[in-house]
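Some notes on the structure that comes next.
Numbers restart at 1 for each chain; the letters A, B, ... are given by sequence-line order, proteins then strands.
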Amino acid sequence: MIDLKLLKDDPDVVRQALLDRHENIDLDKMIKLDKQRRSIITEIQELKHQRNALSEKVGKLKREGKEPQELMKQAKELAERVKELDKTQKEVDDKFFEAVKWIPNIPHGSVPVGQGSDDNGFIRGLKKPPDFDFDVLTHWEIAEALDILDFKRAAKVSGSRFILYKGIGAKLERALINFFLDLHTVQHGYTEIMPPVLNPTDCLYGTGQLPKLESDMYKCRDDGFYLCPTAEVPLTNMHRDEIIPEKQLPLYYAAYTPCFRREAGSYGKDVRGIKRVHQFNKVELVKYTVPAHGYEEFEKLLADAEQAVKLLGLPYRIMLLCTGDMTFAAAKTYDIEIYAAGMKEWLEVSSVSIYDQYQARRANIRYRSTKGKVDYVCTMNGSGLATPRVFIALLENNQTKDGRISIPQVLQSYMDGKEYVE
RNA sequence: GGAGAGGUGUCCGAGUGGCCGAAGGAGCACGAUUGGAAAUCGUGUGUCUGCUGAGAAGUGGAUCGUGGGUUCAAAUCCCACCCUCUCCGCCA
């Protein structure tokens, strides 16, 4: 949620943010509702004040053994009016907050204004894809040849866009997960969490997937749970409705979870292979910090994710997303993309986002400063990394002329010391 | 699914209709003490929010799991729901 003071005192900032993000939201209606709401509140509070004062008098007189009938009658009349107004206020309030939920975060000043991926900025990494001196295959061709992914049977047990890893393929997937977790917990100081992956509505609202991405998630009909679309959800909601002592900050969490996405609206796209699937594995990094250190920690988080790609020796680049390409709740986002030689595309393997206090406001996550002041924390997260695309890149970039895949050195200890998938 | 117990501030915990935003303790902050620290002593200390104010602040309102109800007045009484714990059943 945005800071409501902005709406009242500086609505143009919000208006500009909406423009930059190409969000079509009727801000004037909200401002009007807010004004209406405030005036009702003022009125109600005045009445309640009177009522409370009367009640107090009644109490005092009764204790003195008197029966203040007249006062009680007055108070009753007041109380009835208050009750009615309370109802009106609730209606206006509900309308207002329902509308405010749809206001996205304000982009950070360093974010380029733009429409879509063409307007994203290049930060660092490879400018051009690497060359190969032989005809490269796509990952689905290699995987079938090596019998490490079984597309037909994946479709049989679940449908299209599901992955069935087999044999050394399954082991490679497990190696990636373990490598990422070990890297971030041992080298980068994150605390490992293994959270539940069925999460209730409140959690998805807290991190900002709801209300906007409702149709992109799987929902359990009878229990109302959503299948976790990213570990960001449980990791960020862990501290919902808490006030964290400042000296405990920053908090660093890393978690492996499967992630579930309906990928609604992408039907004809990327149907071959495992680039876009309904269930995938991801190691997610989440940090909670004091707002003043947010952007410094954010750059470190990016570097932590980048390190994983570097150690795997994959060709990558880091892009800064423009206003039009960022998700709803983010104030700034970097994408790490690796090049897949077979598909001849850059694939996003990590999206590193900072939310300022937007998520914290929604999820009510606060901290108490050493001086005793309470304020919302700053949250951020990034994939470190999502496996299917790393898997693609390993197959497509590490393929050899003779049809094998060389295993990066950092993974070999997780693969019984093997140097090749063959 | 059945039976019982419980949900109060940062935490523990008292509180069964008005003098309760809430005893007591811990924690935290500040001060004293100390060469420094621990211990000790003193003082302060919930959160959200309306209005006025440049601000310091002032003055209201709300808040004791959530939502309703009774009452002039609710942490306290009534109803529904949610969550946690214990026991039983069921499943793994």
Task: Pairwise ring-ring contact (aromatic ring centres under 6.0 Å, His included) hits with a residue in residues 95-117 of chain A, at least two apart - done: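 Those involving residues 95-117 of chain A are A:H108-A:Y295.
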
Using the [atom1] atom as the reference point in each nucleotide, state the distance between [N] and [M] in Å, no decimals.
N      : M      : atom1 : answer
B:rU76 : B:rA56 : P     : 35 Å
B:rC79 : B:rC30 : C1'   : 49 Å
B:rA74 : B:rA37 : C1'   : 49 Å
B:rA75 : B:rG89 : P     : 42 Å
B:rU49 : B:rG44 : C1'   : 24 Å
B:rG42 : B:rC51 : P     : 42 Å
B:rU10 : B:rC83 : P     : 23 Å
B:rC12 : B:rG68 : C1'   : 31 Å

Name the atoms and distances for all side-chain donor-acceptor pairs under 3.5 Å in residues 188-203 of chain A, with sequence neighbours left out.
{"unit_1": "A:H188", "atom_1": "ND1", "unit_2": "A:H184", "atom_2": "ND1", "d": "3.1"}
{"unit_1": "A:Y190", "atom_1": "OH", "unit_2": "A:D304", "atom_2": "OD2", "d": "2.7"}

Protein-nucleotide distance ([X], atom [atom1]; [N], atom [atom2]), rounded to Å:
X      : N      : atom1 : atom2 : result
A:K57  : B:rC19 : NZ    : P     : 16 Å
A:N199 : B:rC83 : CG    : P     : 15 Å
A:D241 : B:rU66 : CG    : P     : 10 Å
A:D202 : B:rU66 : CG    : P     : 13 Å
A:R240 : B:rU10 : CZ    : P     : 16 Å
A:I365 : B:rU10 : CD1   : P     : 16 Å
A:N364 : B:rG65 : CG    : P     : 17 Å
A:K48  : B:rG60 : NZ    : P     : 16 Å

If we ignore hydrogens and angles and just use 3.5 Å, is the side chain of [X] paired with the main-chain N or O of [Y] as donor and acceptor?
X      : Y      : answer
A:D34  : A:M30  : no
A:Q16  : A:V13  : no
A:N105 : A:A329 : yes

Task: Electrostatic pair A:K83-A:D86, nearest N-O below 4.0 angstrom - done: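 No salt bridge links A:K83 with A:D86.
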
Side chain to side chain donor-acceptor pair (under 3.5 Å) partners for [X], two or more places apart:
X      : value
A:N24  : none
A:R366 : A:N364
A:D147 : A:K166

Task: Phosphate-side-chain proximity, A:N52 and B:rG61, N/O vs OP1/OP2 below 4.0 Å - done: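 Checking A:N52 against B:rG61: at least one side-chain N or O falls below 4.0 Å of OP1 or OP2.
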
Open item on the list: Give me the stems containing RNA chain B, sorted by first residue, counting only three or more consecutive Watson-Crick or G-U pairs with both distances under 3.5 Å; say none if there aren't any.
Closed with: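 Stems found: B:1-7 with B:82-88, B:10-12 with B:24-26, B:27-32 with B:40-45, B:46-52 with B:57-63, B:65-69 with B:77-81.
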
Task: side-chain hydrogen bond (donor to acceptor under 3.5 Å, both in side chains) contacts touching residues 155-164 of chain A (sequence neighbours left out) - done: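 As it turns out, the side-chain hydrogen bond (donor to acceptor under 3.5 Å, both in side chains) pairs with a partner in residues 155-164 of chain A, which skip direct neighbours, are A:R161-A:S266.
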
Task: Any pair counted as side-chain hydrogen bond (donor to acceptor under 3.5 Å, both in side chains), so long as it reaches residues 51-63 of chain A, sequence neighbours left out - done: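 Residue pairs passing side-chain hydrogen bond (donor to acceptor under 3.5 Å, both in side chains), neighbours aside: none found.
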
Open item on the list: For A:Y205, does the six-membered ring have the charged nitrogen or CZ of A:R362 within the cation-pi criterion, i.e. under 6.0 angstrom from the centroid and within 45° of the normal?
Closed with: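 Yes, a cation-pi geometry holds between A:R362 and A:Y205.
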
Task: Distance-only polar pair, side chains of A:K287 and A:T379, donor-acceptor under 3.5 Å - done: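 Distance-only check fails for A:K287 and A:T379.
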
TODO: Determine, for nucleotides 21-32 of chain B in 5'-to-3' order, which nucleotides have protein heavy atoms under 4.0 Å from the base (write B), from only the sugar-phosphate (write S), or from neither (write -).
DONE: -------SS---

TODO: Give me the ring orientation class for A:H278 and A:F162: parallel if the planes are under 30° apart, tilted from 30 to 60°, perpendicular past 60°.
DONE: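 Tilted.
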
Restricting both atoms to N or O, compile the protein contacts to nucleotides 48-58 of chain B shorter than 3.5 Å, with distance only.
{"unit_1": "B:rC48", "atom_1": "OP1", "unit_2": "A:R366", "atom_2": "NH1", "d": "3.4"}
{"unit_1": "B:rG50", "atom_1": "OP1", "unit_2": "A:R38", "atom_2": "NH1", "d": "2.8"}
{"unit_1": "B:rG50", "atom_1": "O2'", "unit_2": "A:T42", "atom_2": "OG1", "d": "2.9"}

- [ ] Using the test salt bridge (charged side-chain N to carboxylate O under 4.0 Å, His left out), find all partners of A:D12 that sit at least two apart in sequence or belong to another chain.
- [x]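 If we apply the salt bridge (charged side-chain N to carboxylate O under 4.0 Å, His left out) test to A:D12, skipping adjacent residues, the hits are A:R15.
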
- [ ] For A:K373, report the nucleic acid contact type (base, sugar-phosphate, nothing); a contact means any heavy atom under 4.0 Å.
- [x]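 No contact.
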
Each nucleotide N or O in nucleotides 69-73 of chain B that has a protein N or O under 3.5 Å away: list the pair and distance.
{"unit_1": "B:rU70", "atom_1": "OP2", "unit_2": "A:K83", "atom_2": "NZ", "d": "3.1"}
{"unit_1": "B:rC72", "atom_1": "OP2", "unit_2": "A:K76", "atom_2": "NZ", "d": "3.4"}
{"unit_1": "B:rC72", "atom_1": "O4'", "unit_2": "A:M72", "atom_2": "O", "d": "3.4"}
{"unit_1": "B:rC72", "atom_1": "O2'", "unit_2": "A:S55", "atom_2": "OG", "d": "3.0"}
{"unit_1": "B:rA73", "atom_1": "O4'", "unit_2": "A:S55", "atom_2": "OG", "d": "3.3"}

